Every structure is written in structure tokens, then in C-alpha cells.
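For the numbers below, each heavy atom of this structure counts, side chains included, while hydrogens, waters and symmetry mates do not. Please read all numbers here as calculations on a predicted model, not as lab measurements.
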Amino acid sequence: MKKLPKFKKKFEGKDIVYVYISMDDNEAAWKKACTAEGIANEKYNLMSSQLQRGCEALKGQSINAIPRYMIFNKKGELANGNAPRYGKDLEKELNKYLAE
């Protein structure tokens, strides 16, 4: 998460929305972690229980480890359920979907 601000600058002004979903069920622990990771003020920052664990977009996804990176296309469909972490591979992958 520490590399996120620098990475996001590469895509400023582009049609990308970052969504953070925590596996925490304890709101106090979730808020503490958000502050520690520097994402407390992000617009789309959710606890898994806020998605009611039945989120249609995440069906069929087995999330065994965190962090997990996923890319949804412009239609809101899951395009890559196991996207690469920050770096050139993720940058290439995002640019591919932005070109659609």
C-alpha cells in the first residue's frame, strides 16, 4: 500500500476508480488499518460486511490472501480476478483495459 500514491499518479485524470475492500468484520480494527495504510480518506473504502458477502461481482472468487488485486472493465465486469501487483505488469494491464 505504501507504493500506491506514486503508482496512482501515473493514472491521474484517467477513468480509473480504486476500491479497497477489507476482510475485517470489526469496524474499529478496519478503521485503524485504513489509517495505518494511508487510505482512510479514500472514497471507496469498504469492509467486507458492507458488501454483505454476496456481492455479485465477486461471485466465484476465492480470496485466500491479501492484498488481492482485481480489475473490472468499464462495464463493471470482472476482467482480471488476479491482477498483478504494483509495477509495470499492472500498469500494462490497466492501460489495456483503458484502451477498450
Quiz item: Does the side chain of Asn80 come under 3.5 Å of the side chain of Glu93 through a donor N or O and an acceptor N or O?
Solution: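 Side chains of Asn80 and Glu93: pair found under 3.5 Å.
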Across all chains, not counting sequence neighbours, the ring pair (Phe, Tyr, Trp, His ring centres under 6.0 Å) partners of Tyr69 are Tyr86
Ring pair (Phe, Tyr, Trp, His ring centres under 6.0 Å) partners of Tyr97, counting only residues at least two apart: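 Expected list: none.
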For Asn73 and Ala79, which heavy atoms make the closest approach, and how far apart are they?
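In this case the closest contact between Asn73 and Ala79 is N-CB, 4.1 Å.
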Shortest non-hydrogen pair, Leu98 vs Asp15, comes out as CD2-O, 3.7 Å
So, taking the atom named CG in Asn26 and the one named NZ in Lys32, what distance separates them when rounded to the nearest 0.5 Å?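 Reported value, rounded in 0.5 Å steps: 10.5 Å.
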TODO: Take Val19 and Phe72 through the test side-chain contact (heavy atoms from CB on, under 4.5 Å) and record every step on the way to the result.
DONE: CA-CA 10 Å; Val19 178; Phe72 291 82; over 6 Å; no
Just to verify, what does [X] make a side-chain contact (heavy atoms from CB on, under 4.5 Å) with, not counting sequence neighbours?
{"X": "Asn41", "result": "none"}
{"X": "Glu37", "result": "Met1, Lys2, Ile39"}
{"X": "Lys8", "result": "Leu4, Tyr18, Tyr20, Glu42"}

*asked:* Per the salt bridge (charged side-chain N to carboxylate O under 4.0 Å, His left out) rule, what does the pair list look like for residues 69-92, sequence neighbours excluded?
replied: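 Non-adjacent pairs meeting salt bridge (charged side-chain N to carboxylate O under 4.0 Å, His left out): Lys10-Glu91.
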If you define the side chain from C-beta out and look only at heavy atoms, does anything of Lys14 sit under 4.5 Å from Asn95?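 Yes, their side chains come closer than 4.5 Å.
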